[in-house]
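First comes the structure, then the notes that go with it.
Counting convention: from 1, in listed order, for ligands and their atoms alike.
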Amino acid sequence: MQIQENLKDIKSTLPEQVTLVAVSKTKPIADLQEAYDAGQRIFGENKIQEMTEKWEVLPKNIEWHMIGHVQTNKVKYMAPYVSLIHGVDSFKLLKEINKQAKKNDRVISCLLQIHIAEEDTKFGFSEEELMETLALEEFSLLSHVKVVGLMAMATFTENEEQIEREFSSLKKLFDKLKNTTTLNIEMKVLSMGMSGDYKVAIKNGSTMVRIGSSIFGARNYH
Ligand SMILES: *Cc1c(COP(=O)(O)O)cnc(C)c1O
């Protein structure tokens, strides 16, 4: 019952325009089922194999979001069903997603991951690389991917001002691109905020939060 209560508590604090992705990585099927029974329909996972195993057994009206770093050679396993890929951080990966989406006769929605953290361990495009990529003719020809927004992770720190600075820089970039609508770009999703920082993220314009431990409890990595 704890999961249902946590979900209810978090949902009651989210503004209407903010979508909740329940991050269920490492958690057993029973936990996801409990969240599902409470009405949750969007789940986020960071490993393609684990996500696929869960997709196979859980109800088919769940939207599966890949929030982790994606290896090019594994895209094919999620291409038949994934609804949003958050962590797209290279043109090479976009091309592979396009290829696998085409094989499945789908258009796959993607978020481009932007590097905003001051730590250098996190993946993502710089603003300059993002602009260059979106301007590529080769990009405009990818008809089986749709870039629907941006995603980022802030530095893991207690320093709220720093987190705020990082999120607001992403929001600025998002606003700059918001009106760039082409056949395969329509910027509408700003995915930022996790258990520890989602309130700051929402204050800075997030439209999608990815929350795991505050719903399902701490993860246990053996
Ligand atoms: C694990 C993860 C989350 C959720 O983290 P919590 O702190 O448990 O809410 C969000 N986003 C990404 C990219 C993650 O890998």
Side-chain angles (χ1 to χ4, degrees), residues 2-14 18-28 31-32 34-35 38 40-54 62-71 74-75 78 82-90 93 97 109-125 148-160 162-164 166-167 170-171 174 189-222:
Q2 193 56 52
I3 292 171
Q4 305 212 346
E5 264 167 42
N6 293 344
L7 257 176
K8 208 171 112 207
D9 289 348
I10 289 168
K11 276 197 172 150
S12 70
T13 69
L14 297 182
V18 175
T19 303
L20 172 62
V21 179
V23 175
S24 48
K25 60 190 186 196
T26 79
K27 297 295 176 183
D31 288 8
L32 282 78
E34 188 176 336
Q40 183 63 28
R41 292 293 179 270
I42 305 177
F43 291 88
E45 292 281 337
N46 72 339
K47 298 228 160 61
I48 294 173
Q49 188 179 337
E50 182 180 344
M51 180 167 80
T52 302
E53 285 165 10
K54 289 171 172 172
I62 289 175
E63 279 183 35
W64 293 97
H65 288 200
M66 174 42 57
I67 62 168
H69 183 65
V70 176
Q71 284 171 275
K74 294 198 174 144
V75 172
M78 64 176 167
V82 68
S83 26
L84 183 62
I85 304 176
H86 288 233
V88 178
D89 62 356
S90 71
L93 179 56
I97 296 168
S109 294
C110 297
L111 304 179
L112 299 183
Q113 183 167 358
I114 309 301
H115 182 97
I116 55 169
E118 284 165 24
E119 320 166 300
D120 49 43
T121 52
K122 296 209 166 125
F123 297 103
F125 289 98
V148 298
L150 305 178
M151 176 270 206
M153 283 200 272
T155 302
F156 188 71
T157 169
E158 298 279 309
N159 183 342
E160 200 163 302
Q162 182 179 349
I163 297 173
E164 181 126 26
E166 293 176 0
F167 283 151
L170 184 66
K171 173 68 160 79
F174 180 70
V189 177
L190 185 54
S191 167
M192 58 184 196
M194 328 198 333
S195 292
D197 58 19
Y198 75 92
K199 289 184 177 144
V200 188
I202 289 170
K203 225 172 33 175
N204 286 280
S206 170
T207 70
M208 188 174 276
V209 291
R210 310 174 308 265
I211 300 182
S213 42
S214 294
I215 298 172
F216 296 105
R219 283 175 296 275
N220 191 357
Y221 293 103
H222 295 285

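Judged by distance alone, the side chain of K25 and the main-chain N or O of I67 form no donor-acceptor pair under 3.5 Å. With hydrogens and angles disregarded, a donor-acceptor distance shorter than 3.5 Å links the side chain of S206 to the backbone of M192.
Considering all non-hydrogen atoms of both residues, G217 and K27 come closest at O-NZ, 3.5 Å. M51 approaches E45 most closely through the heavy-atom pair CB-CB, 3.7 Å.
Near S195, the atoms of ligand 1 lying under 4.0 angstrom from a non-hydrogen atom of the residue are 6 (P), 7 (O), 8 (O), 9 (O). For ligand 1 and G212, the ligand atoms under 4.0 Å from any heavy atom of the residue are 4 (C), 6 (P), 8 (O), 9 (O). Taking every heavy atom of I211 and a limit of under 4.0 angstrom, the matching atoms of ligand 1 come to 9 (O). The ligand atoms of ligand 1 that sit less than 4.0 angstrom from a heavy atom of R210 are 4 (C), 9 (O), 10 (C), 11 (N), 12 (C), 13 (C).
The proximity of K25 to ligand 1, defined as any non-hydrogen pair under 4.0 Å, is limited to the side chain.
When the heavy-atom distances from atom 7 (O) of ligand 1 to A152, S24, G68, S213 are ranked, the shortest goes to S213.
The distance from atom CE of M66 to atom CD1 of I85, rounded to the nearest 0.5 Å, is 8.0 Å.
Ligand 1 has R219 within reach: a non-hydrogen atom of the residue lies less than 4.0 Å from it. Residue contacts with ligand 1 include I67, since one or more of its heavy atoms lies under 4.0 Å from the ligand.
With sequence neighbours excluded, the residues satisfying ring-ring contact (aromatic ring centres under 6.0 Å, His included) with F43 are W64.
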